[in-house]
2 protein chains.
Amino acid sequence: MVARDGSCLIRKISHYLDLTEDEKRLLARLEETSRKLRRDEILIEEDGELREMFVVSEGWLYTYTHTLDGRRQVFEVHFPGDIVGASQAPFERIGYGVAAATEAIVCPFPKRSLNAIFSRSPALTALFYAFAVLDHATILDRLRATGRMGAAERVLLVLLQCLARLRITDPDRQDGLDMPLRQELIGDMVGLSNISVSHALKELAQAGLIERDARHFSFPDLQRAQTQIDFSDRYYAIDTSWFPRQWEIA
Amino acid sequence: MVARDGSCLIRKISHYLDLTEDEKRLLARLEETSRKLRRDEILIEEDGELREMFVVSEGWLYTYTHTLDGRRQVFEVHFPGDIVGASQAPFERIGYGVAAATEAIVCPFPKRSLNAIFSRSPALTALFYAFAVLDHATILDRLRATGRMGAAERVLLVLLQCLARLRITDPDRQDGLDMPLRQELIGDMVGLSNISVSHALKELAQAGLIERDARHFSFPDLQRAQTQIDFSDRYYAIDTSWFPRQWEIA
DNA sequence: CGAACGCTTGAGAGGCATCAAGAAACGTGG
DNA sequence: CCACGTTTCTTGATGCCTCTCAAGCGTTCG
């Protein structure tokens, strides 16, 4: 059981919304049990059924699929506070695999717990919807980069997206991050080989857009890096003013 | 005013859900006014605000964005019965442009009309959520193709996605479609130039995967075409069994 | 019928993939 | 704390795929 104060889920949500006690209870119920994952351990098989969903408590996970000829595409990276499977709730079969990018701890919960939230908290329903839209926008940005940008720009996008997402649950964070993702995985996010990623990182460093020290990446001029690829931080501000606080009865 | 019986929106939704009279009324309200669009006319500017949303009544639209160096990425194609802007509801700024791919008729409605639906019909809320997830899956499929597949396979995906979507509102449709999209636009959906699209279509025809007659495309062996790129029709069946029919009050 | 538009075809260039080998980092066990 | 094996990253050589540029062809519509 994860201590309620330490919950990344509640921390992430509180960044956008003042929670009622009832809502906190509903959310805490999602993190009652936990499971440890080794690095590279598969949490959901690619062709598996989706019986339960997971709150990410520690570590990074990723959603992926393979093509027929064995190449891999990585769709999303899941950070602490994310709910894995939320965007597949309407379907029995997910069609994508989920695995641990680092050692990780996840909290499994049954689908119906999410239903309980959907039917009791309009504000959380709206927020989860907003999260889904944000994740969607992240994918669109990556599609644009994959389809229409060069290798260096694509890699830079991945780095900036990770940083932007980490800042939600860790607002004091400076302009740097420890990147636990292998270069091969970064490449699989934007349609590149591991070799091109290595090359792109070298290029970005030479251009002064990033600085590297082992696993640690920092941005000497974050503004310039963002401008370079027309990046916008979609996570930071959500317009919550339209959120309903309670249902109307027809 | 579009006749209620002729509404593509209601036809699309009825494919998944039995609507109550109240729900039909709520939906009909979205199509009270209409506006005609010329081909290539811009409906929403790329940097514009999102004040209203639109039901597509006739014709095809598309959502797009540009990169700094002037290249274009097309994200979604909107068919009759779709709601343009639904997936951007939570945000003031959309960041993407919307334009008409063919002559088209759209029905504008204010954001708050959608809110009225969200707060009064749990089933429609769930369905719109499911639609958003489907659109998301469509994008993921295209990201996978763009990142990890060759030109011919990417173009084939676009064709199959269009066919699958058209079948929702037109179940009698055979294995063919009239494709009004320019090759340049098809290319912009999967990161190709118009020239590569032309080349890919020739290749697909030679491989016997498609047949062409001017604008009309057909699939002599749809099954084989789908297997070729590991395509799955995500639109056809949605699991609606979990949809709530009314809200619980906390 | 003519002009505009979109599609096709060809030639050459560039970017990224693949293959291969070496270097660095990491982890494990002594 | 060091030695060794494994994993990950880097660097180089070669080839293929898709891009760009350019010209010709076909269709459509005024």
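Residue numbers begin at 1 in each chain, while the letters A, B, ... track the order of the sequences. What you see is a predicted model, and the numbers here were worked out from it, not measured in a lab.
- A straight line from CG of Asp40(A) to C1' of dT7(D) spans 11 Å, rounded to a whole angstrom.
- Each end of the helix from dC1(C)-dG30(D) to dG30(C)-dC1(D) gets its own axis from five base pairs, and the two axes differ in direction by 50°, given to 10 degrees.
- Spacing between atom NE2 of His216(B) and atom P of dT27(D) amounts to 17 Å, rounded to whole angstrom units.
- With sequence neighbours excluded, no residue satisfies salt bridge (charged side-chain N to carboxylate O under 4.0 Å, His left out) with Asp178(B).
- To the nearest angstrom, P of dT8(D) lies 16 Å from CG of Leu201(A).
- Annotation: ring-ring contact (aromatic ring centres under 6.0 Å, His included) contacts of His136(A) (sequence neighbours excluded): His136(B).
- Residue pairs meeting the side-chain hydrogen bond (donor to acceptor under 3.5 Å, both in side chains) criterion with at least one partner in residues 189-202 of chain B, sequence neighbours excluded, are Ser193(B)-Ser196(B).
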- Quick one, give me the B/S/- string for nucleotides 13-23 of chain D, reading 5' to 3', where B means a protein heavy atom under 4.0 Å from the base and S means that only happens at the primed atoms, P, OP1 or OP2. -----SSBBB-
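- Distance check: Arg234(A) CZ to Asp135(A) CG gives 12.0 Å after rounding to the nearest 0.5 Å.
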- Which is it for Ile168(B) and Arg11(B) under the side chain to side chain contact (heavy atoms under 4.5 Å, CB included) test, yes or no, and what are the steps along the way? CA-CA 9 Å; Ile168(B) 300 175; Arg11(B) 184 146 23 105; over 6 Å; no
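- When the salt bridge (charged side-chain N to carboxylate O under 4.0 Å, His left out) test is applied to Arg212(B), no partner is found at least two apart in sequence or on another chain.
- Residues satisfying the side chain to side chain contact (heavy atoms under 4.5 Å, CB included) test with Pro220(B), not counting sequence neighbours, are Glu211(B).
- To the nearest angstrom, P of dT27(D) lies 14 Å from CD of Gln183(B).
- Asp47(A) is linked by a salt bridge (charged side-chain N to carboxylate O under 4.0 Å, His left out) to nothing, counting only residues two or more places apart in sequence or in another chain.
- Bounding nucleotides for the chain B contact on DNA chain C, 5' to 3', at a heavy-atom distance below 4.0 Å, are dG6(C) to dT9(C).
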Less than 3.5 Å apart, which donor and acceptor atoms pair up between the side chains of residues 64-79 of chain B and the rest of the protein, not counting sequence neighbours?
from     : atom 1 : to        : atom 2 : distance (Å)
Thr65(B) : OG1    : Glu46(B)  : OE2    : 3.2
His66(B) : ND1    : Glu46(B)  : OE1    : 2.9
Thr67(B) : OG1    : Asp69(B)  : OD1    : 2.6
Thr67(B) : OG1    : Arg71(B)  : N      : 3.1
Thr67(B) : OG1    : Arg71(B)  : O      : 3.3
Arg72(B) : NE     : Asp188(B) : OD2    : 2.7
Arg72(B) : NH1    : Tyr62(B)  : OH     : 3.1
Arg72(B) : NH2    : Asp188(B) : OD2    : 2.9
Gln73(B) : NE2    : Asp188(B) : O      : 3.0
Gln73(B) : NE2    : Met189(B) : O      : 3.3
His78(B) : NE2    : Thr63(B)  : OG1    : 2.6

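- Nucleotides of DNA chain C nearest to Arg39(B) and Lys202(B) differ in position, and the one nearer the 5' end is that of Arg39(B).
- Under the rule for a salt bridge (charged side-chain N to carboxylate O under 4.0 Å, His left out), Arg39(B) has no partner lying at least two apart in sequence or in another chain.
- Under the ring-ring contact (aromatic ring centres under 6.0 Å, His included) criterion, Phe219(A) pairs with no residue, sequence neighbours left out.
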